[in-house]
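It should be emphasised that the depicted structure is a prediction, and the values quoted were computed from it without experimental measurement. Each chain gets a letter, A, B and so on, in the order its sequence line appears, and its residues count up from 1.
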Amino acid sequence: MKALLALEDGTIFEGQSLGAPGRTYGEVVFNTGMTGYQEILTDPSYAGQIVSLTYPLIGNYGINADDFESRRVQVEGFVVREAADIPSNWRSERSLHAFLKDRRIVGIQGIDTRALTRALRVKGVMMGAISTEETPEQLVARIRSAPAYGGTDLNRQVTAERAYHWPPYTKQLGDIAAAEQRALELPALDQVPRVALLDCGVKYNIVRSLSALGCEVTVYPCTASADEILSRNPDGIMLSPGPGDPATLGYVVDTVKRLIGKKPIMGVCLGNQILGYAFGSKTYKLKFGHRGSNHPVKDLNTGKVYITSQNHGYAVDPDGLKDGMEVAHLNLNDGTVEGLKHKELPIFSIQYHPEASPGPTDSSYMFETFVRTLTAN
Amino acid sequence: MPRDASIKKVLVIGSGPIIIGQAAEFDYAGTQACRALREEGISVVLINSNPATIMTDTEIADRVYIEPLNVEFAERVIARERPDGILPTLGGQTGLNLATQLAEAGIVDKYGARLLGTPLKSIRKAEDRHEFRELMREIGEPVPESWIVEEESQLDEPLKSGIWPLIVRPAYTLGGTGGGIAYNEAELREITRRGLSLSMHHQVMIERYLAGWKEVEYEVMRDANDTAITVCNMENFDPMGVHTGDSIVIAPSQTLSDKEYQMLRTASLKIIRALGIEGGCNVQLSLSPHSFDYYVIEVNPRVSRSSALASKATGYPIARVAAKIAVGLHLEEIDNAVTRKTLACFEPALDYCVVKIPRWPFDKFNVADRRISTQMKATGEVMAIDRAFEPALHKAIRSLEVGIYGLQSKASSKMSDVEIEEAIRIPNDERLWAITEALRRGVMVEEIHSLSAIDPWFLRKLKGMVELETEIKSQSSAILAASEAEETPPADVVSLLTRAKRAGFPDRSLSDLTGAVELQIRKLRKRLGIVPVYKIVDTCAAEFEAETPYFYSCYDSENEQ
């Protein structure tokens, strides 16, 4: 079946349908990672976006039961050069196409994804739409009459419905689903470090990583109040990644402001931006974002350089930072802020993804640093 | 760290004559290194005995010595030139051996020079089987279990391990005769007895047998600041058992999930750090096709044939960067020569598929045994780039210059079914075409997989290509008519031609399959606008603008030339 991808500026790509037929709409972004499409599809930070992968052969190793980063597919649409018909991998349970179709995700394949990447690089990310039903004119008209990215509160869409516990050493997807179901039935554990996680669109591997280090994690919806978060007396607070424009998340920033000084805090991705706002700074939109598994970041304290997994469209403006917060990590490609650290309080954050999934695991030590802070306090 | 200012003059040791098992990779690496050093304002002295090299051009080095690569002559050059440093890791084994001898004879110290790049003790650790296994044990990286056995009573340990199957290799017998694979105790005892009697040294090595496991390589780099990166990973089409130099190789890996990719990447970086390498390194790993189990097979602690391939496959100049690291620079201080905006400290993102096929010298030696296994027989290789596996494979086949330009070879089309089966089961230079011939004769992918252990992903790609071949044949009259007519052919013919070109079928194959004249086919598709475009190899999948004019052709939409 024929499918079209149109961009806000009127550019049209013609390809074949992938996944479900129909129509979809979102901000069109590209990711340069060569592996990890299942993790990308299910990463809540991609809510509201149509994701194009620059690597041309996608779906080779299929879809498996374990590599989910949330309960559902989060992307609005998916763009690939070539999707594998029959995958090959010992964990594969189904093909990419069958999976997307089943989850009613509209995608397109067979287009020149490199041309799309070049267009987004030159003009910046744009709104776009995929359709198996409309003419190019209808498609472009629909894009131009729809709201821009960041106009809706995506975080409320992707956050946990209610608070739940995630016990230590919980890894398997079955365990996670069960944990979400059990909600808060379990009593708080005394002997292990306890982390309260404010979920603005968390990836399972953040919780898995903390759990693997022996922590009990309590996940709270992004609308939870500071009192609620502190109610079970956690040893530390984790601010999750998530989709959307951080400038619109005043209510989360207010919550976080009330948590400062009470407990150690670590922020990841959106969590870094939220902390930036909480300490007087603002964010600005990057031309085409950082999405991939190969971004070099320098830790200014140690002088060490790490290859990181990234997925963000906004960066913290370092100029406004105050009250003891300072820049601690820099991106070596474009010099943007990749991490913050408080001079005195046990508060730090990073713009990249220590949980990897997908991408390199080089910075998993950040979780260890956080857990050490919890046990030290 | 900015570059070490005390280094003003460097001696680069070349690799001498090219031998079987080598292409011109060391000349390539050496030339790149000489240029990189001169960019840093360092005066380069070169010694090499091979006149047919670019590095011996006087534009590449400041001073060139065409001399034998031995201690005697090298000492004279050192005495005369008084270099501050000697760079031995770019001349392959020859350069490395000579540098070791010079260091051990005290000549390096005597003239106040020092060896640059990876320290010799790191190289020894990587190359000495025993030391390497010890190190892997220390850092918790798995190596295949193995035992040296000199009498049957020593079989207790391998038997206790519970590992099956085991491969028994008699020491020092020609071509490994007398060895074999044991699936149980009785077989192990019998093969060991036979092996011991055949071995001159009355010794056999018993090792976990990894047949059918995937063979994956990582090209990694590290600097003195302990920053370590992956330049490229590659997956062998031929599973374990075929030397990687004799394997068809695909970059990046195709059948590894992110979890598997990262697991092996992490292991490779852990190894380069444990070895203390300052420069480039190749890590070969074996991955189970049925679990997350893997083993570290081997490490090459210097630039190699694989790093030349990885450099060209990604656009990342490994030898250039290794040379800069050797004079003290950190990865973050070296620019990415392709984008000029970013740094050498990143990991290339490919937005295409690379296929390498070895070139064997069998056509020159009629009597040669055409089987390939653990000892490399290839004398060269070709590489092709395209947006998908099929056209990259097609282009690589045509580059071989062995009189084959597609999926059909005369040799395999003449083989009997039994011969085909044999040619698929036992690796040899004809195996690729034996597989396509088997598919043409209706053999199932599953059967070819069980004969060859080649991953079904690759086999299904080949099957898809053979099916397209059949489809073209079935449409031959329509294509023939279209090639002779002036008007636009029906849409399904246009679509078929487009798909055929996107899968890399040359016009010559289309002509053979349809009976149309090759030139007429070309005219037809030009008329229809089915023509290739050129895309740039830019190390970053178009994320940044590239300045280097390094192109590949493909039947895609946008032309970047």
Side-chain angles (χ1 to χ4, degrees), chain A residues 13 30 32-40 53-57 60-62 64 66-67 81-82 84-92 111-122 288 290-296 298 303-307 309 332-334 356-362, chain B residues 223 225-230 233 252-263 265-266 269 288-292 330-332 339 341-343 345-353 386-389 445 455-461 464 533 535-536 540-545 556-558 560:
Chain A
F13 294 88
F30 64 86
T32 61
M34 297 182 284
T35 51
Y37 52 84
Q38 183 175 343
E39 292 89 335
I40 290 170
L53 298 184
T54 61
Y55 186 66
L57 309 176
N60 294 359
Y61 54 86
N64 64 58
D66 290 325
D67 293 349
R81 175 70 169 72
E82 181 184 323
D85 293 335
I86 310 175
S88 173
N89 189 280
W90 59 281
R91 291 192 300 155
S92 170
I111 72 158
D112 188 343
T113 43
R114 187 172 161 89
L116 173 62
T117 307
R118 281 161 52 90
L120 297 175
R121 178 187 84 206
V122 173
F288 49 86
H290 295 171
R291 294 176 189 89
S293 300
N294 64 348
H295 289 260
K298 185 165 190 164
K304 296 281 178 200
V305 179
Y306 301 91
I307 301 297
S309 173
L332 290 180
N333 281 342
D334 60 7
S357 263
T361 52
D362 298 13
Chain B
D223 65 21
N225 190 35
D226 204 29
T227 301
I229 59 151
T230 306
N233 95 329
S253 61
Q254 298 299 329
T255 68
L256 271 58
S257 68
D258 186 63
K259 298 279 181 293
E260 292 163 318
Y261 180 102
Q262 302 302 342
M263 175 178 76
R265 175 188 176 277
T266 301
L269 296 184
S288 164
H290 308 296
S291 71
F292 282 117
H330 293 168
L331 282 161
E332 64 187 279
T339 63
K341 287 176 195 69
T342 55
L343 305 168
C345 186
F346 80 114
E347 301 196 346
L350 281 58
D351 59 0
Y352 47 80
C353 178
D386 211 307
R387 293 280 279 162
F389 172 75
V445 162
D455 195 284
W457 189 86
F458 296 113
L459 298 175
R460 286 196 194 102
K461 285 280 169 194
V533 295
K535 296 212 178 274
I536 299 178
C540 60
E543 185 171 9
F544 304 102
E545 201 178 336
D556 210 332
S557 313
E558 188 186 47
E560 296 176 30

Colleague: Just checking Tyr37(A) against Tyr55(A), ring centres under 6.0 Å apart?
Modeller: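 Aromatic pair excluded; centres sit 6.0 Å or further apart.
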Colleague: Contact part of Tyr261(B) toward chain A, heavy-atom cut-off under 4.5 Å: side chain, backbone, both or neither?
Modeller: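 Contact with chain A: side chain only.
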Colleague: Against chain A, label Ile536(B) side chain, backbone, both or neither, depending on which of its atoms sit under 4.5 Å from a heavy atom there.
Modeller: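 Its backbone and side chain both get close to chain A.
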Colleague: I'd like to know if Arg81(A) pairs up with Asp556(B) as an ion pair, taking the criterion as any Lys NZ or Arg NE/NH1/NH2 lying under 4.0 Å from an Asp or Glu carboxylate oxygen.
Modeller: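 Yes, charged N to carboxylate O under 4.0 Å.
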Colleague: What part of Arg114(A) gets closer than 4.5 Å to chain B, counting heavy atoms only: side chain, backbone, both or neither?
Modeller: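 Contact with chain B involves both backbone and side-chain atoms of Arg114(A).
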Colleague: Sort Lys461(B) into side chain, backbone, both or neither according to what part of it lies under 4.5 angstrom from a heavy atom of chain A.
Modeller: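 Contact with chain A is through the side chain of Lys461(B) alone.
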Colleague: Below 4.5 Å from any heavy atom of chain A, which atoms of Gln262(B) appear? Answer side chain, backbone, both or neither.
Modeller: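 Only the side chain of Gln262(B) comes within 4.5 Å of chain A.
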Colleague: Less than 4.5 Å to any heavy atom of chain A: does that hold for the side chain of Tyr352(B), its backbone, both, or neither?
Modeller: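 Only the backbone of Tyr352(B) comes within 4.5 Å of chain A.
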Colleague: Glu39(A) versus chain B, heavy atoms under 4.5 Å apart: side chain, backbone, both or neither?
Modeller: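 Interface part for Glu39(A): side chain.
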Colleague: Is it true that Glu543(B) and Asn333(A) share a donor-acceptor pair across their side chains at a distance under 3.5 Å?
Modeller: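 Note: Asn333(A) and Glu543(B) side chains miss the donor-acceptor criterion.
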Colleague: Against chain A, label Glu260(B) side chain, backbone, both or neither, depending on which of its atoms sit under 4.5 Å from a heavy atom there.
Modeller: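 Interface part for Glu260(B): side chain.
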Colleague: Quick one: of Leu120(A), Thr361(A), Asp67(A), who has the most non-hydrogen atom pairs under 4.5 Å with chain B?
Modeller: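 Result: the option with the highest number of such pairs is Asp67(A).
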Colleague: Counting only heavy atoms closer than 4.5 Å, note whether Leu331(B) contacts chain A via side chain, backbone, both or neither.
Modeller: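 Answer is neither: Leu331(B) stays 4.5 Å or more from chain A.
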Colleague: Is Arg265(B) in contact with chain A via its backbone, its side chain, both, or neither, using a 4.5 Å heavy-atom distance?
Modeller: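 Side chain only.
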Colleague: Hey, what's the ring geometry for His295(A) with His290(A), parallel, tilted or perpendicular (30° and 60° as the breaks)?
Modeller: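 Correct class here is parallel.
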Colleague: Between the main-chain N or O of Asn294(A) and the side-chain N or O of Glu347(B), is there a donor-acceptor pair closer than 3.5 Å?
Modeller: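 The answer is no, because no donor-acceptor pair under 3.5 Å joins these two groups.
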Colleague: For a quick check under 3.5 Å, do Ser88(A) and Arg460(B) share a side-chain donor-acceptor pair by atom type?
Modeller: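 There is no such pair (donor and acceptor under 3.5 Å, judged by atom type) between the side chains of Ser88(A) and Arg460(B).
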Colleague: Please determine, among Ser253(B), Ser291(B), Ser288(B), the option with the most heavy-atom pairs under 4.5 Å with chain A.
Modeller: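 Heavy-atom pair counts peak at Ser291(B).
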Colleague: Quick one: of Thr266(B), Ile229(B), Leu350(B), who has the most non-hydrogen atom pairs under 4.5 Å with chain A?
Modeller: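 Of the options given, most contacts go to Leu350(B).
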Colleague: Given the options Ala542(B), Ala388(B), Ala541(B), Pro252(B), which has more heavy-atom pairs under 4.5 Å with chain A than any of the others?
Modeller: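 The candidate making the most pairs under 4.5 Å is Ala542(B).
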Colleague: Pick one of side chain, backbone, both or neither for Pro456(B), based on which atoms fall under 4.5 Å of a heavy atom in chain A.
Modeller: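 When you check distances to chain A, atoms from both the backbone and side chain of Pro456(B) fall under 4.5 Å.
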